[in-house]
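Below is one structure, written out as structure tokens; comments come after it.
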2 protein chains.
Amino acid sequence: MAATVHCEQDPALHQERLRALRDATELVSGKWKFGILLNLYNYGAMRFKDLQAASAGITPKVLSKELQDLEDNQLITRTVNATKPVTVSYALTPHALEIQPVINALVEFGLKHRVKIKEQLALAA
Amino acid sequence: MAATVHCEQDPALHQERLRALRDATELVSGKWKFGILLNLYNYGAMRFKDLQAASAGITPKVLSKELQDLEDNQLITRTVNATKPVTVSYALTPHALEIQPVINALVEFGLKHRVKIKEQLALAA
DNA sequence: CTGGATCCTAACTGATACTG
DNA sequence: CAGTATCAGTTAGGATCCAG
């Protein structure tokens with residue numbers, strides 16, 4: 001019977017929340033975007049190559065596309081520096097701070113889930 | 001100059017958080033999972049067809065796969081009811097509560113982002 | 001009602017090489 | 001250094017039909 005865990009909202013509100021959820025997930029879809037953002041949170045402005053190193057395994061082409069997506073959604077800025085060999089810096093916009101709670105929540109969940117998986121492996125052994 | 005918005009962590013901790021982030025995003029990857037979870041939060045236990053209606057646009061095959069993924073990750077339970085035409089109920093597990101903050105954060109962000117986009121359209125007009 | 005089987009396509013991802 | 005071009009592989013997601 002297990003009392004079902006839920007909290008019913010006003011239908012209209014629920015629909016609005018559903019739409020918001022779709023918008024948000026669309027925005028940060030893709031395999032790398034959250035990681036890129038987390039790295040920028042941690043290190044501040046980073047250059048292309050540094051981001052590539054930090055996002056272990058990503059290829060330049062894919063990184064380039066992900067960065068463009070993020071820039072299009074105004075979560076990061078792209079700045080070309082007039083240095084000897086041209087360098088480019090990527091940094092978070094203020095708007096990107098809005099998404100930080102999401103990332104923190106994801107990290108927390110990831111940590112807990114990892115523990116849970118370990119417990120199961122322990123039980124299975 | 002713009003003071004870069006960041007907060008540097010201990011490297012080892014950062015790596016651990018990056019891994020957790022990857023784990024978590026992998027878990028809820030896909031176009032529909034968050035929506036399914038949000039609906040279950042809102043309505044409690046739901047049957048296959050109700051979930052399909054709530055996740056407007058999803059096909060049975062895809063819904064089936066998403067539900068299996070969620071069940072494999074122990075975020076939902078699948079219960080077969082011995083009713084006349086067999087029905088099946090899906091409900092959240094306690095573990096799924098851990099992911100609720102993520103969804104709330106995503107919804108919040110989605111709402112804010114929507115407002116932001118509207119502002120831009122207003123400026124463009 | 002539930003959801004598997006099949007087929008299909010667009011999008012994502014990757015390896016490698018190359019340019020400004 | 002910061003990418004883009006090309007080629008190729010994989011796969012997520014959808015359309016349709018059908019079975020228990």
Side-chain angles (χ1 to χ4, degrees), chain A residues 18 21-37 39-40 43-73 75-92, chain B residues 4 18 21-40 43-73 75-92:
Chain A
L18 255 182
L21 185 59
R22 292 293 290 270
D23 291 348
T25 51
E26 203 167 302
L27 219 73
V28 288
S29 67
K31 196 171 169 183
W32 307 96
K33 294 201 182 67
F34 277 123
I36 291 170
L37 292 176
N39 278 312
L40 288 175
Y43 298 118
M46 294 176 78
R47 290 179 314 165
F48 191 88
K49 206 200 171 191
D50 295 332
L51 275 169
Q52 191 180 355
S55 306
I58 199 171
T59 60
K61 174 187 155 187
V62 175
L63 177 56
S64 177
K65 183 190 168 296
E66 298 290 76
L67 289 173
Q68 280 175 34
D69 283 351
L70 291 172
E71 194 189 357
D72 288 346
N73 285 309
L75 294 177
I76 64 173
T77 57
R78 179 179 181 277
T79 310
V80 179
N81 306 310
T83 47
K84 186 63 178 309
V86 171
T87 59
V88 179
S89 296
Y90 293 90
L92 298 177
Chain B
T4 52
L18 255 182
L21 184 60
R22 292 291 291 268
D23 290 348
T25 52
E26 203 168 302
L27 220 72
V28 287
S29 66
K31 196 172 167 181
W32 308 96
K33 293 199 183 70
F34 278 123
I36 291 170
L37 293 176
L38 181 57
N39 278 312
L40 288 175
Y43 298 117
M46 295 176 77
R47 290 181 316 164
F48 191 88
K49 206 201 172 191
D50 295 331
L51 275 169
Q52 192 180 356
S55 307
I58 199 171
T59 59
K61 174 194 155 185
V62 174
L63 176 56
S64 177
K65 183 190 167 296
E66 299 289 76
L67 290 173
Q68 279 175 35
D69 283 352
L70 291 172
E71 194 190 357
D72 288 345
N73 286 310
L75 293 177
I76 64 173
T77 56
R78 179 178 182 276
T79 310
V80 179
N81 307 310
T83 48
K84 186 65 178 309
V86 170
T87 58
V88 180
S89 297
Y90 293 91
L92 297 176

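Order of the sequence lines sets the chain letters (A, B, ...), proteins ahead of strands, with each chain counted from 1.
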Legend entry - Phosphate OP1/OP2 of D:dG14 contacted by B:T59 side-chain N/O (<4.0 Å): no
Legend entry - Distance in angstrom units between A:F48 CZ and D:dC1 P, rounded: 11 Å
Legend entry - Gap between atoms CG and P, on A:L63 and C:dT16 respectively (whole Å): 18 Å
Legend entry - A:Q68 side chain near D:dT4 phosphate (N/O to OP1/OP2, under 4.0 Å): yes
Inset, instruction - Remember a base hit wins even if backbone is also touched, and classify B:G57 as base, sugar-phosphate or nothing at under 4.0 Å, heavy atoms. - result: nothing
Legend entry - Residue pair B:Y90 / B:L51, side-chain heavy-atom distance below 4.5 Å: yes
Legend entry - Side-chain heavy-atom pair A:L67, A:E71 within 4.5 angstrom cut-off: no
Inset, instruction - Please confirm whether any donor atom in the side chain of A:K61 sits under 3.5 Å from an acceptor in the base of C:dG14, or the reverse. - result: yes
Legend entry - Protein-nucleotide distance (B:K84, atom NZ; C:dT2, atom P), rounded to Å: 15 Å
Legend entry - Nearest-nucleotide comparison on DNA chain C, the residue closer to the 5′ end among A:P60 and A:K31: A:K31
Inset, instruction - Give the minimum heavy-atom separation between B:L63 and B:I36, together with the two atoms involved. - result: CD1-CD1, 3.8 Å
Inset, instruction - May I ask you to evaluate whether A:R78 reaches the phosphate of D:dG3, defined as a side-chain N or O under 4.0 Å from OP1 or OP2? - result: yes
Inset, instruction - Compare side-chain N and O positions of A:T87 against OP1 and OP2 of D:dC1 and report whether any pair is under 4.0 Å apart. - result: no
Inset, instruction - Could you point out which residue of A:D50, A:N81, A:T79, A:T77 forms a side-chain hydrogen bond (donor to acceptor under 3.5 Å, both in side chains) with A:S89? - result: A:N81
Legend entry - Spacing between B:L67 atom CG and C:dC1 atom C1', to the nearest angstrom: 14 Å
Inset, instruction - May I ask you to evaluate whether A:Y90 reaches the phosphate of D:dG3, defined as a side-chain N or O under 4.0 Å from OP1 or OP2? - result: yes
Legend entry - A:K49 side-chain N/O to D:dA2 phosphate OP1/OP2 under 4.0 Å: no
Inset, instruction - Provide, to the nearest angstrom, the distance between the CD atom belonging to B:E66 and the C1' atom belonging to C:dG4. - result: 16 Å
Legend entry - Whole-Å distance separating the NZ atom of A:K33 from the P atom of C:dT13: 7 Å
Inset, instruction - Could you tell me the separation between the CZ atom of A:R22 and the P atom of D:dG13, rounded to a whole number of Å? - result: 11 Å
Inset, instruction - Find the distance B:R47:CZ to C:dG3:C1' and express it as a whole number of Å. - result: 14 Å
Inset, instruction - Verify, without hydrogens or angle tests, whether B:S55 (side chain) and B:Q52 (backbone) share a donor-acceptor contact under 3.5 angstrom. - result: no
